[in-house]
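Proteins get letters first, then strands, A, B, ... in listed order; numbering begins at 1 in each. Excluded from the calculations below are hydrogen atoms, water molecules and symmetry mates; all remaining heavy atoms, backbone and side chain alike, are included.
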2 protein chains.
Amino acid sequence: MPRPTTKLLSPQIIVDAAIRMVDSTGDFTMPGLAQRLKVRPSSLYNHVSGRAEIVELVRAHMMSQIDLTVVADAPWTEVVTALAREYRRSYARHPRFIPLFTSHTVAAEAAFGMYNALASAFAAGGYPPEQILHAITAVDSFVLGSALDLAAPEVVWESGPEANDAMRAALATSAPNPERADAAFEFGLDALVAGLAARAGG
Amino acid sequence: MPRPTTKLLSPQIIVDAAIRMVDSTGDFTMPGLAQRLKVRPSSLYNHVSGRAEIVELVRAHMMSQIDLTVVADAPWTEVVTALAREYRRSYARHPRFIPLFTSHTVAAEAAFGMYNALASAFAAGGYPPEQILHAITAVDSFVLGSALDLAAPEVVWESGPEANDAMRAALATSAPNPERADAAFEFGLDALVAGLAARAGG
DNA sequence: ACCTGAACACCGTTCAAGT
DNA sequence: ACCTGAACACCGTTCAAGT
């Protein structure tokens with residue numbers, strides 16, 4: 001009886017199980033992972049250093065799904081828009097995992113491809129070096145905040161105790177998630193990139 | 001011997017202790033809170049329903065610190081800018097608490113004052129109701145993302161394995177936190193509001 | 001009314017022992 | 001090389017008991 005060629009455990013298998021567990025329950029635990037993989041919790045430590053590393057591996061996995069070549073030879077504002085959209089989409093595939101990224105370690109390594117691509121786009125737009133980092137940070141912050149909005153439970157706006165006139169009129173037009181979050185992201189992204197374009201070329 | 005007039009425990013006292021513990025350690029636990037307050041962990045449950053409620057009380061406390069009347073009679077774009085700045089500042093006083101807000105419940109109640117003020121400003125700017133919610137969401141997402149950037153540990157950009165030319169030039173200008181995060185926020189906020197202004201009045 | 005003590009069902013992690 | 005079993009030091013929460 002030869003050993004099975006496919007191993008029972010590996011970092012990739014653990015990462016997949018963590019993603020599935022968070023998708024279905026909103027969080028993951030080492031015992032929960034072990035149970036899904038039909039293994040004892042201590043076995044996991046032969047493949048990952050601990051829970052924190054699993055979170056980082058998931059982050060790296062999601063970032064690796066980003067296609068950095070989209071519309072590579074378009075005007076720079078379209079490149080930034082497309083990159084930000086791809087960036088958020090990679091988060092959006094597993095929205096409930098996003099809060100686990102926010103008590104973060106570094107993340108810079110996994111995101112470096114994205115940052116390089118954004119830096120090139122802003123440089124092409126005429127941005128001086130000392131503002132490129134700010135522009136990248138602005139896009140990064142907006143994408144992460146928007147991704148978190150996607151993970152939010154359906155907001156019970158209606159129960160808002162004292163909405164003023166402007167707010168009440170706005171609430172009357174509200175759509176359910178994820179359509180509302182998607183529309184808000186596209187709206188905000190368009191405004192942000194337009195504002196960044198107005199500051200460029202100096 | 002009369003009882004002491006100041007009680008040993010109250011929701012406010014627990015909230016203050018949680019904030020101090022997160023400021024100094026990055027997280028809080030019920031036993032840790034109890035120890036700081038010279039009390040047993042089970043005593044806390046006479047004043048709060050549990051850990052989750054403490055997080056929500058802290059969120060409400062921080063939001064209540066926001067001054068919604070800043071520059072009330074300025075042009076609407078300045079009102080939005082000032083509100084967003086105040087909003088982020090209320091987070092920034094205790095940056096390490098911010099990640100604890102991101103696995104959130106509703107938050108809408110605590111933020112309603114801010115949302116009302118933003119709604120009024122956008123309405124004054126000529127925004128139609130169906131876009132006001134998007135504009136508010138964009139500001140909200142950008143502020144939260146920027147606040148999280150503030151909680152990030154000093155990023156070891158330099159160790160970035162393969163920065164391209166544009167990125168390397170940008171990194172050479174990087175300042176330490178919190179100055180870098182502050183400058184990036186102001187830069188991004190200016191761009192976002194400029195973009196939102198360009199879409200207004202339609 | 002509110003603090004305590006003891007208990008419960010969990011965590012993440014380590015490590016010697018097996019194969 | 002990798003899985004197990006047992007153990008450790010923790011969690012958050014409940015609840016009867018005290019005062």
Counting neighbours of CD on A:Q35 that are heavy atoms of other residues, nucleotides or ligands and sit closer than 6.0 Å, is the number greater than 12? no
Evaluate the side chain to side chain contact (heavy atoms under 4.5 Å, CB included) criterion for residues A:T102 and B:I98: first the C-alpha distance (whole Å), next the side-chain angles of each, then the deciding distance (0.1 Å), finally the verdict. CA-CA 9 Å; A:T102 61; B:I98 308 170; over 6 Å; no
Taking only Watson-Crick and G-U wobble pairs with both distances under 3.5 Å, what dot-bracket line describes DNA chain C, where [ ] shows pairs that cross earlier ones and | shows pairs with another strand? ||.|||||...|||||.||
Partner residues of B:R40 under the salt bridge (Lys or Arg N to Asp or Glu O under 4.0 Å) criterion, sequence neighbours left out: none
Rounded distance (Å) that lies between atom C1' of D:dC3 and atom CD1 of A:I13: 14 Å
Rounded to whole angstroms, how far apart are CD1 on B:I14 and C1' on C:dC3? 12 Å
Rounding to a whole Å, what distance do you find between A:L33:CG and C:dT13:C1'? 15 Å
Do A:R51 and A:F28 meet the cation-pi criteria used here (NZ or CZ under 6.0 Å from the six-membered ring centre, within 45° of the axis)? yes
Side-chain heavy-atom pair B:L100, B:D27 within 4.5 angstrom cut-off: yes
According to the ring pair (Phe, Tyr, Trp, His ring centres under 6.0 Å) rule, which pairs have a member within residues 71-94 of chain A, sequence neighbours left out? A:W76-A:F122, A:Y87-A:Y91
Could you check which residues of residues 36-49 of chain A get a heavy atom under 4.0 Å from DNA chain C? Sort them by number, please. A:S42, A:Y45
Members of residues 16-31 of chain B that approach DNA chain C, where some heavy atom sits under 4.0 Å away: none
Could you check how far CD of B:E53 sits from C1' of D:dG12, rounded to whole Å? 14 Å
When you compare the side chain of A:R88 with that of A:L189, does any pair of heavy atoms fall below 4.5 Å? no
Figure out the CZ/P separation between B:R51 and C:dC10, and round it to whole Å. 19 Å
Which heavy-atom pair separates A:I136 from A:L118 by the least distance, and what is that distance? CG1-CB, 4.0 Å
CG on A:D182 to CG on A:N177, rounded to 0.5 Å: 8.0 Å
How would you list, by chain and number, every residue that makes a salt bridge (Lys or Arg N to Asp or Glu O under 4.0 Å) with B:D165, sequence neighbours excluded? B:R168
What verdict does the side chain to side chain donor-acceptor pair (under 3.5 Å) test give for B:N164 and A:S120, after you've listed the backbone C-alpha separation in whole Å, the side-chain angles of each residue and the deciding distance to 0.1 Å? CA-CA 8 Å; B:N164 63 18; A:S120 293; 3.0 Å; yes
